[in-house]
Student: 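Dumping the structure here so I can ask a few things about it.
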Amino acid sequence: MNIEELKSIANAIVAPQKGVLAADESNPTIKKRFDSIQLESTEENRRRYREILFTTDGIERFVGGVILYDETLRQRTREGVPFPTLLAGRGIAPGIKVDQGAKALALHPGDKVTEGLDGLRERLAEYRQLGAQFAKWRAVIEIDERDLPSAFGIRANAHALARYAALCQEAGLVPIVEPEVLMDGAHGIERCEAVTAQVLQKVFAELDAHGVIFEGMLLKPNMVIAGKKCPRQAGVQEVAEATLRCLRRHVPAAVPGIVFLSGGQSAEEATDHLNAMNAMGPQPWQVSFSYGRALQAPVLAAWRGQEHNVAAAQQALLTRCHLNGLARDGQYERAMEAAA
Ligand code: 13P
């Protein structure tokens, strides 16, 4: 393991104004996104769509890394350039989703655990050869009114995340560690904060026990936010304060960057929250984004699978990346949405 190399990749991904574009939807997930614009999910349509994203001029100012899916890492532009080569040539680190999805945790009704550790060492070696510089593994933690998540569910996911992260660092890849506390449900922001705190506490204890070097990883957490069905939705400042309070208590300062997931927030909300956090002044780590839906929803809506909409789709992506780049400095205002 070359720690200096891991550190320099992690730091480049969260350089000033920059964050991550999550474009690692599995085939079932991208099918859902394409269904929303009545587009068939063929391998060629998936390739065309990712080519639109990755060839957008100007995003390299705001995007330090792109997360790819196994199929995407192996695809090429129309001219035959492999996507990882294209991205690296633009100064954007290519990354790869390596988990194999969340499945029911045996004997723990309702809890899920993420699979994909078997054979992971060999897969990581191949991904690195194909050009990946970092990886992602997502654990899913659900909150319900009564018993979820269980303490053991949290422990099982933290353990898997740490085994994954250690294997990544051994292979020379920066692990993005993603413990996502879902925003589905009717719980209030206080419950989200309590569960997120428990999860982060366990995740960092396991990472430490597995020997993971905090300087060579990135954390991809949820924001602390009320459940979607909760009657009392917290305001922007309340979300920013609760999220930073929780992270400052549980995330070591050695971690170079926090890259939030958007998790079902609208594109505008996700940018608003990121901006409010950065407006609260410097934190021990870079406070950035690794958005999927909050960057791509406007792109899909503009594109709709039509060749004549490609320029508009790319403009939508650049605008969203630019606004999040401004939010990295606390310089975004909602009013800019209208002007953009
Ligand atoms: P969202 O921003 O759409 O939550 O996706 C980010 C991601 O990579 C989830 O694993």
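In listed order, ligands and their atoms are each counted from 1. Because only heavy atoms are used, hydrogens play no part in the values below, and waters and symmetry mates are left out as well, while side chains stay in. None of these values were measured; they are calculated from a predicted model.
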Student: Residues two or more places apart in sequence or in another chain: which of them pass side chain to side chain donor-acceptor pair (under 3.5 Å) with R78?
Tutor: none

Student: Could E51 and R47 be called an ion pair, given the rule that one side-chain N must be under 4.0 Å from one carboxylate O?
Tutor: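 The answer is yes: the pair qualifies as a salt bridge.
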
Student: Could you go through ligand 1 and note, for every N or O atom, any protein N or O atom closer than 3.5 angstrom, writing the atom names and distance to 0.1 Å, or 'none'?
Tutor:
residue, atom, partner, partner atom, Å
ligand 1, 2 (O), S262, N, 2.9
ligand 1, 2 (O), S262, OG, 2.5
ligand 1, 2 (O), G292, N, 2.8
ligand 1, 3 (O), R293, N, 2.8
ligand 1, 3 (O), R293, NE, 2.7
ligand 1, 4 (O), G263, N, 2.7
ligand 1, 4 (O), R293, NH2, 3.1
ligand 1, 8 (O), K136, NZ, 2.8
ligand 1, 8 (O), K220, NZ, 2.6
ligand 1, 10 (O), K136, NZ, 2.5
ligand 1, 10 (O), E178, OE1, 3.1
ligand 1, 10 (O), E178, OE2, 3.0

Student: Is R33 atom CZ crowded by more than 12 heavy atoms from other residues, nucleotides or ligands, each under 6.0 Å away?
Tutor: yes

Student: Side-chain donor-acceptor pair under 3.5 Å between Q133 and Y127, yes or no?
Tutor: no

Student: So F83 and F54, would you call those rings parallel, tilted or perpendicular, with 30° and 60° as cut-offs?
Tutor: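 F83 vs F54 ring planes: perpendicular.
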
Student: Are N27 and R46 linked by a side-chain donor-acceptor pair shorter than 3.5 Å?
Tutor: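 Side-chain D/A pair, N27 to R46: present.
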
